[in-house]
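Just below is one structure, and these are the notes that go with it.
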Amino acid sequence: MASQTRTASSRQNGAKPRTAASGSTRQAGPSTRRGATRSSGKRPSGSRNQSKGHKQPRNHKKGLWWKILLGVIGGLLLAGIGLFIYLYATTDIPQPEKVAIAEKTNIYYSDGTTPIGSISSQNREIIDCSVLPEYVGNAIVSSEDRSFHTNKGIDIMGMARALYNNLTTGSRQGGSTITQQYAERYYLGETTSYAGKIREAILAMKIANSQDKDEVLCNYMNTIYLGRGAYGIQAAAQAYFGKDAKDLTVSEAAMIAGIIPAPSSWDPQENPEQAKKRFDRVIRIMKEDGYITDAEAAEAQFPQVKDYTLSNDFAGPNGYLLSTVESELINAKAFTKDELETGGYKVVTTIDKAMQDRMQQVGDERPEGMPETLQVGGIAVDQKTGSVKAMYAGSDYLKQQLNNTTQSTFQPGSTMKPFGLIGAAQSDVSFATLFNGNSPEEFETTPGTFAEVPNALGISWGNINLNQATANSVNTVFMNVNEHLTPERYAQIAHDAGISGEIQTDTLYNILGINSLTVWDLAQGHSTIANNGTKNTLHVVDRVLKGDKDMYQPNLNTTKVFDENDCALVQHAMLGTTQYGTAAGVASALGRPVAGKSGTANDETAASFVGYTPQLMNVWAIWNPGPNGENQVVPQFAGYGVSSTGYPSHLFSEFMSTAVADMPVEQFPDAIDNGVIGGPDGDWGLGGKRQSSNNYGNQQQVQPTPTPSESTTAPTTPAPKPEQTTPDKTPQPEPSESSSSPATPAPSGSAPPNEPPTEPTNPETPPKETNPR
């Protein structure tokens, strides 16, 4: 055995290795190896040794790769050390007055050069910290960094963790020590990048190594943002308590220190509960760490702060634009309120300066007799992109901060009916289907509850199709439509379109717009139909810049939710509103096709109008809140109809006549009505009793033919055609929901003969439920 081993491993002695059998065994495969083993009675030991010999080259290569890897790692390490030394040597410690946080965020119109204003005004004053009571600095240390006096000024693991979270989750975490916070503010807006975070870490280390603790704390107190536009403890003392920082009490210092992580959100005037919790925490830590005595802690009471007055940038209507921009960016989780107030960003909005000026002018008009309590809200939208071009939210933000576009709610009434038309189109119902338009008609409005539902002014329209019912806003027809859709499906269609407000799903009345919405929400829903079924999120921010770097662009969440032809059918039904229906004369006044829908709230407490050309949508609403926010009836004023429902369409005409003046006249897409008369099952409306042409192009104009109502004789004298006015004239009476001249053409497309006259149908008031069974 021993001689075999030596021979097998001693090629240099000239002995021929006994490898033939072994080699043949490997070439022959497993069966040959088994045969060789059987013939000798045991596996040759030489074969085992030779196998070991053949593994040696692989071990050599493996070792070589490890050496290469270690060499690369070593090279990178040396390069990293060299880079660190270079960055450390070239990083300067900024003086407090040069900290980059001094920049304020500016907001611009869509041209990117015309300013709207700034989100936060600046109030800074650098002071000598030696004049401050010792407890002022101790309160800040207690709030932000209890180990400040003993730590090395930097938490490597904490910064690495923050960097990882910033890069992987999109959050904005920073350093935990006071030194790191000071460094982070210098590079605010860049600390989510590798370069920015590395610079921050090096700066923090250099500060910790070159400044004593008192100097670091003083610089921190002079530069920290403390809300209300105040940078530094001196400005904050004036902003919150109207005194110098040297005169702050223990309680006042603790209150200011407590809100440092989110001073704008935790301002005692905005969030007193959170501010009080933070105050209690600081007082507790100050007592535990020996900065104040038990008696001083017991005596500490949460202090009263001054009322905060917004900067002049928020005066007038600009405050509504600035606050809307701020809310949009915060709600998108792109920035915090404090980052926007301190980050030095440039925000370019979608707001068109000329349109905004005109909308503000139109909304500010107060005709003779218009109640002072009456509120107005409006919005203009490019439905193709979701860009908000203008908004009327109120006249002065400093007097009323409730935004009439984005926050105030009203009952939209019949402006919600077009979502029912989408449902009919989706159900393959031809818009030429005839429905019973008489008044009143009985419906099971909720399960087990029946009520007689009238049309506005009790008008009976006889048998009419969906186009005519839309133009004249006939309640009984749309209640019938909703019977087939079901309230649940109707609500889902409205939500699919983008309506985010609550819509009841347990009553047929939901199609009559009984649930309160905002102007913004109503525009969001209708913009999807106006954009041929594609939903874009409405937005006022186009982009956010920091220097030349893009920091934010809106996520439009573009989604195709409706069929284009279904939307075209609805658009063409809405053309009748502005041609011969409830807003007759609007289209001719603008000299172009206009799709529109007017609405009156239940009990006549609000009125609204939604209208658009293929390029621009405009929505207006008026409502009349009482002293306690209750809904009050909108009275007649300046000759504007029952419940003044003609006034929103007047506002529309006044704004759009200027807004689209330089835009080319565009036609709406052709609509092909390939639905079935009476619906696929023949049970919609009067069933499959009538046939009509199914082409709804823009060329054909058909005038409706008056016919007596089946149950009530309709008035034979039409209401006067509305007169359009210029801003320097007293507005003439406009038709209330559905006054028109019979000479005004019907919407394009084929209409069945024997159509009803277009008579006043205003207000469109859903009835209270009666006659329960």
Side-chain angles (χ1 to χ4, degrees), residues 94-99 101-102 104 120-146 148-149 177-179 181-182 185-186 207 211-270 272 275-276 278-283 285-287 289-293 296-297 299-309 311 338 341-342:
Q95 294 302 309
E97 64 272 13
K98 295 182 179 180
V99 173
I101 198 170
K104 59 182 178 180
S120 177
S121 61
Q122 297 218 336
N123 181 14
R124 293 179 291 126
E125 184 178 348
I126 305 298
I127 63 171
D128 179 1
C129 298
S130 65
V131 304
L132 297 176
E134 190 174 1
Y135 54 71
V136 174
N138 291 337
I140 290 176
V141 168
S142 298
S143 175
E144 295 301 296
D145 184 5
R146 293 180 72 174
F148 171 73
H149 293 291
T177 71
I178 282 177
T179 309
Q181 289 184 48
Y182 180 82
R185 280 194 304 284
Y186 184 74
I207 290 172
Q211 296 181 354
D212 61 36
K213 293 292 185 179
D214 289 341
E215 185 179 3
V216 172
L217 182 58
C218 182
N219 289 342
Y220 178 82
M221 289 192 293
N222 270 321
T223 59
I224 186 70
Y225 181 66
L226 294 165
R228 300 191 172 192
Y231 293 84
I233 192 66
Q234 172 64 13
Q238 290 289 346
Y240 289 102
F241 303 110
K243 61 173 64 174
D244 290 334
K246 65 183 177 60
D247 298 322
L248 289 172
T249 66
V250 171
S251 293
E252 290 166 345
M255 192 287 294
I256 293 175
I259 65 172
I260 285 176
S264 299
S265 301
W266 295 350
D267 186 318
Q269 188 171 305
E270 298 294 327
K276 178 63 166 56
R278 297 289 299 182
F279 167 81
D280 291 339
R281 173 182 174 273
V282 173
I283 292 296
I285 293 174
M286 291 182 74
K287 182 184 71 171
D289 292 353
Y291 296 131
I292 58 176
T293 65
E296 288 173 323
E299 292 173 0
Q301 299 294 319
F302 188 73
Q304 181 67 39
V305 299
K306 292 171 50 180
D307 288 338
Y308 178 44
T309 302
S311 68
D338 295 298
E341 292 186 351
T342 63

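E252 and Y240 form no side-chain donor-acceptor contact under 3.5 Å, judged by distance and modelled atom types alone.
Taking 4.5 Å as the limit, every side-chain heavy atom of D214 sits out of range of all side-chain heavy atoms of C129. Using a 4.5 Å heavy-atom cutoff, the side chains of V216 and F148 are in contact. Between I224 and I233, every side-chain heavy-atom pair lies at or beyond the 4.5 Å cut-off. Considering only heavy atoms from C-beta on, D145 stays 4.5 Å or farther from T179 through its side chain. Using a 4.5 Å cut-off on side-chain heavy atoms (C-beta onward), Q238 and D244 make contact.
Put simply, CG on L217 and CD on Q211 are 11.5 Å apart, with the number rounded to the nearest 0.5 Å. Interatomic distance, N138 CG to I292 CD1, rounded to the nearest 0.5 Å: 9.5 Å. Summarising the geometry, atom OG1 belonging to T223 is positioned 7.0 Å from atom CD1 belonging to I126; distances are rounded to the nearest 0.5 Å. Atom-to-atom distance recorded for R281:CZ and S143:OG is 5.5 Å, nearest 0.5 angstrom. To the nearest 0.5 Å, the span separating CD1 on I285 from NZ on K287 amounts to 11.5 Å. With rounding to the nearest 0.5 angstrom, the CG atom of N222 is 9.0 Å from the CG atom of D128.
Shown here are the ring pair (Phe, Tyr, Trp, His ring centres under 6.0 Å) partners of Y135, two or more places apart in sequence or in another chain: there are none. Take R146 and apply the salt bridge (charged side-chain N to carboxylate O under 4.0 Å, His left out) test, not counting sequence neighbours, and it matches E288, D289. Every residue two or more places apart in sequence or in another chain was checked for a side-chain contact (heavy atoms from CB on, under 4.5 Å) with E299, and none qualifies. For K246, there are no salt bridge (charged side-chain N to carboxylate O under 4.0 Å, His left out) partners at least two apart in sequence or on another chain. With sequence neighbours excluded, the residues forming a side-chain contact (heavy atoms from CB on, under 4.5 Å) with D307 are Q269, listed by chain and number.
A perpendicular orientation is assigned to the rings of F302 and F279, their planes being inclined by more than 60° (bins at 30° and 60°).
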Result block: side-chain N/O donor-acceptor pairs under 3.5 angstrom for residues 255-266, not counting sequence neighbours:
from: S264; atom 1: OG; to: D338; atom 2: OD1; distance (Å): 3.0
from: S264; atom 1: OG; to: E341; atom 2: OE1; distance (Å): 2.5
from: S264; atom 1: OG; to: E341; atom 2: OE2; distance (Å): 3.4

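Here the shortest heavy-atom pairing between E296 and T293 reads OE1-N, 2.9 Å. Nearest approach of K306 to F241, heavy atoms of both residues: CD-C, 3.8 Å.
At least one donor-acceptor pair under 3.5 Å links the side chain of Q234 to the backbone N or O of A245.
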